[in-house]
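Remarks on the structure that follows.
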Amino acid sequence: IMSGDWSSDVCSSDLSDKDQFKGDSLPAITPLDSIHGVKNIINAFVSDFGIISPDRKFIFCSEGLWTTVPVYNFVDGLWLGQSFLMAYKPDNKYSLEIRPMVYYTTAKKTVIWSVNSDIYYARKMNGKFTINAGNLSVDYDTEEHLGRLENSLYSLGLGKNYMKLFNKRFIEIKNDFYPLRGLRVYAGVSLQWRRMEDNHTTYSFINSDFDTSNIPENNKFEPMPYNKALIWDIGTDFTLYKGKDSRHNSNVVVYSYIPTVSLHLIGSLPVGNENRSKFLRLDASLNQRFRFRQYSTFEYKIGGGAFLDKYKIWFPDFKHFGAYSLPSMRTFTNDGYFLIGYYKADTDDGWAKTTFNFMSEDFLLSRIKNFKKGDISEGLHFRYLWTSEINNYTEWGYSLGYKKYIRVGAFIGFEGVNYENFGISVSFPWLSGSF
């Protein structure tokens with residue numbers, strides 16, 4: 001886990017996944033008075049443009065003209081607006097990023113907005129303090145949800161609105177840091193005002209009545225009245241570390257032969273009226289990824305958990321499992337499922353899950369004469385899930401990838417010993433940054 005790389009393109013990249021202390025100043029961006037010529041116009045559309053201070057410690061920029069219309073769904077219609085970044089880095093000790101966005105929704109005919117603020121501090125501990133606020137339409141799946149761009153393509157192109165949305169007004173505070181080598185600690189609290197939404201349009205390039213309602217397909221879903229929730233969470237990841245490989249003299253472990261143990265406790269304090277949410281949930285997992293030989297990697301994740309206490313749980317507070325649709329731009333090594341209905345397995349009870357992924361450039365196809373290693377990679381994938389909603393579900397898959405451009409996989413699913421589904425999935429690693 002790394003945070004913000006100032007040596008990279010600040011406006012067009014997610015700084016929370018890089019090292020914010022690398023480099024001495026903010027990077028160059030396309031200045032407002034230089035947007036002329038074909039190349040700079042293209043850069044402004046797909047990347048960023050704005051202003052930068054003479055000492056290169058402050059920038060203000062748009063996150064690209066493409067973000068003017070970044071989303072389409074049946075609740076909101078099109079988003080019309082813009083997202084921005086303001087960043088300030090006085091020295092290598094700390095930095096500040098503020099990402100405001102504001103959009104008009106063409107179908108719902110309202111304004112949605114959010115402001116995300118991150119303060120990076122304590123270089124050795126990779127500290128990150130966050131304050132967020134907003135008024136948005138968000139997925140009921142609050143953990144493993146689809147990307148908005150992916151859902152937009154499905155909705156506009158295929159008439160299938162996988163994401164079911166509710167309105168959330170919120171303010172939240174989070175803190176994330178590494179007090180010791182290999183030990184990550186994080187905590188947060190979020191005050192939320194939530195209400196159900198209706199579809200305001202179903203327009204797509206093809207005629208379809210697949211999604212006339214904005215209701216998740218789950219046997220335990222109950223219509224959610226307007227409610228207030230005060231959600232808190234605290235968690236830790238610990239990797240027993242041996243060796244010298246660390247990230248920029250920080251406590252972040254880059255690689256370890258020892259598995260990582262994760263614990264996450266999530267709860268709700270009773271606030272508001274009789275519709276208030278109150279629950280306590282524990283998540284636990286063990287995961288590891290390692291390389292063997294020169295061209296192969298293997299990773300696994302074993303997890304489980306349960307609701308230890310519950311007075312009233314609305315669907316956003318369920319445990320969600322990232323059951324992605326087909327085809328999907330999601331990576332094949334992500335902790336999700338390809339053939340289950342998007343919300344079908346989500347639960348307010350206990351669960352157990354396992355994921356295995358084997359990726360290799362030296363497997364079956366390498367036995368073919370003149371096969372060139374590095375161009376084609378193969379993958380074997382296995383997922384297991386048990387909840388009260390889906391009993392002993394297993395999913396098996398095989399995938400082929402060409403460099404970092406495209407990966408295609410075939411998957412078959414079983415519930416118990418009964419055949420459930422078969423499908424083909426497509427992933428674009430250059431969009432997702434992984435396999």
Side-chain angles (χ1 to χ4, degrees), residues 1-32 34 43-44 46-67 70 82-102 113-134 136 170-190 233-237 239 245-254 433:
I1 300 174
M2 298 166 281
S3 46
D5 187 350
W6 289 97
S7 66
S8 67
D9 184 341
V10 171
C11 291
S12 61
S13 62
D14 182 0
L15 303 186
S16 64
D17 290 333
K18 304 181 187 298
D19 181 0
Q20 78 274 19
F21 298 109
K22 182 179 179 182
D24 297 325
S25 60
L26 295 171
I29 60 174
T30 304
L32 287 171
S34 299
N43 286 341
V46 300
S47 182
D48 54 75
F49 63 95
I51 58 175
I52 187 168
S53 65
D55 59 5
R56 299 180 58 79
K57 293 183 178 181
F58 172 81
I59 64 171
F60 174 81
C61 61
S62 161
E63 295 197 294
L65 294 177
W66 73 272
T67 64
Q82 191 56 254
S83 58
F84 303 92
L85 169 69
M86 292 178 287
Y88 177 60
K89 184 185 180 185
D91 51 42
N92 279 344
K93 293 182 179 179
Y94 72 92
S95 58
L96 168 67
E97 299 169 28
I98 303 176
R99 295 178 182 267
M101 74 172 198
V102 58
W113 62 273
S114 71
V115 179
N116 300 330
S117 304
D118 295 321
I119 300 174
Y120 298 97
Y121 67 91
R123 176 176 183 175
K124 185 174 178 59
M125 294 194 300
N126 264 57
K128 179 182 176 182
F129 181 77
T130 299
I131 302 176
N132 298 330
L136 297 171
F170 66 95
I171 181 169
E172 61 186 14
I173 300 173
K174 304 176 182 178
N175 194 26
D176 189 332
F177 65 103
Y178 288 77
L180 300 171
R181 180 68 56 86
L183 176 64
R184 175 189 175 215
V185 178
Y186 56 94
V189 62
S190 175
D233 74 304
I234 184 170
T236 182
D237 303 326
T239 305
D245 196 5
S246 61
R247 177 64 60 184
H248 299 293
N249 297 318
S250 75
N251 288 334
V252 180
V253 172
V254 178

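All heavy atoms count here, side chains included; hydrogens, waters and symmetry mates do not. Residues: numbered from 1 along the sequence shown.
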Report task. Using a 4.5 Å cut-off on heavy atoms from C-beta on, say whether the side chain of Leu85 contacts that of Met101. Result -> no
Query raised in the report: Do the non-hydrogen side-chain atoms of Phe129 and Phe177 ever get within less than 4.5 Å of each other?
Result: no
Query raised in the report: Between Lys128 and Asp176, is there a donor-acceptor pair closer than 3.5 Å when you use the side chain of the first and the backbone of the second?
Result: no
Requested in this report: Using a 4.5 Å cut-off on heavy atoms from C-beta on, say whether the side chain of Val189 contacts that of Glu172.
Outcome: no
Requested in this report: Using the side chain to side chain donor-acceptor pair (under 3.5 Å) rule, pick out the option among Asn175, Asn116, Asp118 that qualifies with Thr130.
Outcome: Asp118
Report task. Examine the side chains of Ser62 and Gln82 and answer whether a donor and an acceptor come within less than 3.5 Å of each other. Result -> yes
Requested in this report: Report yes if the side chains of Trp113 and Leu136 come closer than 4.5 Å at any heavy-atom pair, otherwise no.
Outcome: no
Query raised in the report: Under a 4.5 Å cut-off applied to non-hydrogen side-chain atoms, are Ile51 and Cys61 in contact?
Result: no
**Report entry** Residue pair Leu183 / Thr236, side-chain heavy-atom distance below 4.5 Å
**Finding:** yes
Query - Phe84 ring center near Phe60 ring center (under 6.0 Å) - result: yes
Requested in this report: May I ask you to decide if the ring planes of Tyr88 and Phe58 are parallel, tilted or perpendicular, using 30° and 60° as cut-offs?
Outcome: tilted
Query raised in the report: Looking at OG of Ser95 and NZ of Lys57, how far apart are the two atoms once the value is rounded to the nearest 0.5 Å?
Result: 12.5 Å
Query raised in the report: Hey, does the Lys NZ or Arg CZ of Arg184 hover above the aromatic six-ring of Tyr186, less than 6.0 Å from the centre and inside 45° of the axis?
Result: yes
Query raised in the report: Is any side-chain heavy atom of Asn251 closer than 4.5 Å to a side-chain heavy atom of Lys124?
Result: yes
Query raised in the report: Just checking, is any N or O donor in the side chain of Tyr178 or Asp237 under 3.5 Å from an acceptor N or O on the other one?
Result: no
